[in-house]
Amino acid sequence: MVAITAPSSIEQIPLMRCPKANAGQAAAAIPCVDLSAPGAAAAVADACRSVGFFRATNHGVPAGVADALESRAMAFFALPAQDKVDMSGAARPLGYGSKTIGSNGDVGWLEYLLLSVSSNSVKVSSLPPPLRTALEEYTAAVREVGGRVLELIAEGLGVDRALLRSMVVGREGGDELVRVNHYPPCPLRAPGDCGVTGFGEHTDPQIISVLRSNCTAGLQIKLRDGRWVPVPPDPESFFVNVGDSLQVLTNGRFRSVKHRVVAPEGAQSRLSVIYFGGTAASQRIAPLPQVMRDGEQSLYREFTWGEYKRAAYKTRLGDHRLGPFELRAAAAAASEPAQGADPQPHCSSGTCMPQQQQVAQVY
């Protein structure tokens, strides 16, 4: 058994309120899409439109590929902290990080590897060879899943199947990342219906992200009605998030989903691996003409991925990052009632109080 090296301090980790949810109702709120089914494109589009998140089954990735990465990642995180930094470099933002997420002070009960990916190659040559090999095999497989999902999204939108995939997979200068998050068992027992923040609430800025975790729970998503619901872990499936960029490309038809992670309280660590499908810095992000109806106004001004990424570095984790890029009159006319709801409370010193602002990073 691997001994887990936990982040060393919990003093500055915020608490969050975690309302109890019925397991059956929570599972029912998460759309499930069989990627091999004849109606997959319509099902993917419906899930992206209604929730911005879905569980993908029959994805074609052999279980052994994910299991090998999980085993080797856990062995890496069991190493002494300095060894992990020496092998991968301190996260700036790429590399190994512990508790600190990004450069602006955001914190969570986790440690992680954040790596850039190019042509299925992980750009950290000093990682242990077994881990590097497992990462590259996994990344090659999950990129293909991401590409298939992008094709299904395009088909569901009624545009060329290759349009979105060509923006991400194999794109020269593309901004694809893989993140391995390790959440050790948390020694703090939060009071009442609170939990310790593993990763604070946020949306992903890229086009899509594809997540796989082990059997330990913790991931939650925010539904359109403002409720937070837990996502039951399923190591045999992948979970797909709509990102901010896809929200803009569809002119708000698909909306990025807020999600967060509560640190585990039991004896088991949570390990998740996320592939982020971002495009090249020069790629223009604006509503696709093919999806716009006659007379429909754009909700967003055009920007490049590089411009959005730079802006996102300056925001706080729970901020509405797309706000500065919205064309206000059109966006206000199309906004949903839930968008103006009060932010979720968080807990501090055992007492729940209004959410304090938290800082963020783009990944």
Side-chain angles (χ1 to χ4, degrees), residues 1-6 35 55-79 81 83-89 91 93-98 110-149 168-169 176-185 198-199 204 206 208-219 231-241 261 264 268-278 363:
M1 179 179 292
V2 175
I4 303 302
T5 302
L35 297 185
R55 180 166 66 94
T57 63
N58 286 325
H59 44 71
V61 178
V65 172
D67 291 343
L69 176 55
E70 181 178 329
S71 174
R72 289 173 177 124
M74 291 294 276
F76 172 82
F77 287 121
L79 295 171
D83 289 357
K84 290 178 279 194
V85 173
D86 291 344
M87 288 179 180
S88 58
L94 301 179
Y96 170 78
S98 174
L110 84 163
E111 55 181 344
Y112 61 89
L113 277 172
L114 181 61
L115 308 169
S116 179
V117 176
S118 177
S119 301
N120 299 335
S121 176
V122 177
K123 295 182 178 178
V124 180
S125 60
S126 58
L127 286 175
L131 175 57
R132 181 185 174 91
T133 298
L135 275 166
E136 291 180 344
E137 290 179 353
Y138 177 88
T139 300
V142 78
R143 284 177 101 196
E144 182 56 32
V145 173
R148 287 172 58 199
V149 168
V168 177
V169 181
E176 296 172 272
L177 302 167
V178 62
R179 183 182 188 110
V180 186
N181 287 335
H182 174 228
Y183 303 89
F199 207 117
D204 294 335
Q206 292 88 355
I208 62 167
S209 53
V210 182
L211 175 146
R212 186 262 182 192
S213 78
N214 64 1
C215 293
T216 302
L219 178 64
V231 178
D234 181 1
E236 296 182 358
S237 300
F238 287 99
F239 294 89
V240 178
N241 288 313
V261 175
Q268 300 300 315
S269 296
R270 174 178 170 84
L271 187 90
S272 61
V273 185
I274 310 99
Y275 162 80
F276 297 98
Y363 301 110

Do the non-hydrogen side-chain atoms of Q268 and P185 ever get within less than 4.5 Å of each other? no
Is the shortest heavy-atom distance from the side chain of V273 to the side chain of V178 under 4.5 Å? yes
Is any side-chain heavy atom of F199 less than 4.5 Å from a side-chain heavy atom of N181? yes
If you look at every heavy atom in G146 and I208, which pair is closest and at what distance? O-CD1, 3.7 Å
Is T139 close to L115 at the side-chain level, that is, under 4.5 Å between some pair of heavy atoms? no
Evaluate the side-chain proximity of V180 to L271: yes if any heavy-atom separation is below 4.5 Å, no if none is. yes
How are the rings of F238 and Y138 set to each other: parallel, tilted or perpendicular (split at 30° and 60°)? tilted
Does this structure show an ion pair linking E144 with R148, if we count only N-O contacts that are shorter than 4.0 Å? no
Indicate whether the side chain of S269 and that of H182 have a donor and an acceptor atom separated by less than 3.5 Å. yes
Taking all non-hydrogen atoms of both residues, which atom of R143 and which atom of V169 are closest, and how far apart? O-CG2, 4.0 Å
Go through R72 and R132 one step at a time and tell me if the side chain to side chain contact (heavy atoms under 4.5 Å, CB included) criterion holds. CA-CA 9 Å; R72 289 173 177 124; R132 181 185 174 91; over 6 Å; no
Is the backbone of V142 close enough, under 3.5 Å, to the side chain of H59 for a donor and an acceptor to pair up by distance? no
Nearest 0.5 Å, please: how far is OG in S272 from OH in Y112? 13.0 Å
Closest non-hydrogen atom pair, P235 against N214: CG-C, 3.8 Å
For residues Y96 and F76, determine if any side-chain heavy atom of one lies less than 4.5 Å from a side-chain heavy atom of the other. yes
Determine, step by step, whether L69 and L131 satisfy the side chain to side chain contact (heavy atoms under 4.5 Å, CB included) criterion, reporting the C-alpha distance in whole Å, the side-chain angles of both residues, the deciding distance to 0.1 Å, and the verdict. CA-CA 7 Å; L69 176 55; L131 175 57; 3.9 Å; yes
How far apart are the C-alpha atoms of Q206 and E176, what are their side-chain angles, what is the distance that settles it, and do they pass the side chain to side chain contact (heavy atoms under 4.5 Å, CB included) test? CA-CA 9 Å; Q206 292 88 355; E176 296 172 272; over 6 Å; no
What is the minimum heavy-atom distance between S209 and F276, and which atoms define it? CB-CD2, 3.7 Å
Heavy-atom check, side chain of L113 versus side chain of L127, under 4.5 Å: yes
Would you give the length of the straight line joining atom CD1 of I274 to atom CG of N241, rounded to the nearest 0.5 angstrom? 9.0 Å
When rounded to the nearest 0.5 angstrom, what distance separates CG in D234 from SG in C215? 8.5 Å
After noting the C-alpha distance and the side-chain angles of V61 and V145, does the key distance pass the side chain to side chain contact (heavy atoms under 4.5 Å, CB included) rule? CA-CA 8 Å; V61 178; V145 173; 3.4 Å; yes
Minimum side-chain heavy-atom gap L35-T57 below 4.5 Å: no
So, R270 side chain and Y183 main chain: donor-acceptor pair closer than 3.5 Å or not? no
Which heavy-atom pair separates G60 from P62 by the least distance, and what is that distance? O-CD, 3.4 Å
Verify, without hydrogens or angle tests, whether S71 (side chain) and D67 (backbone) share a donor-acceptor contact under 3.5 angstrom. no
Would you call D204-R179 a salt bridge at under 4.0 Å N-O? no
Can you see which heavy atom on S126 is nearest to which on S88, and at what distance? OG-N, 4.2 Å
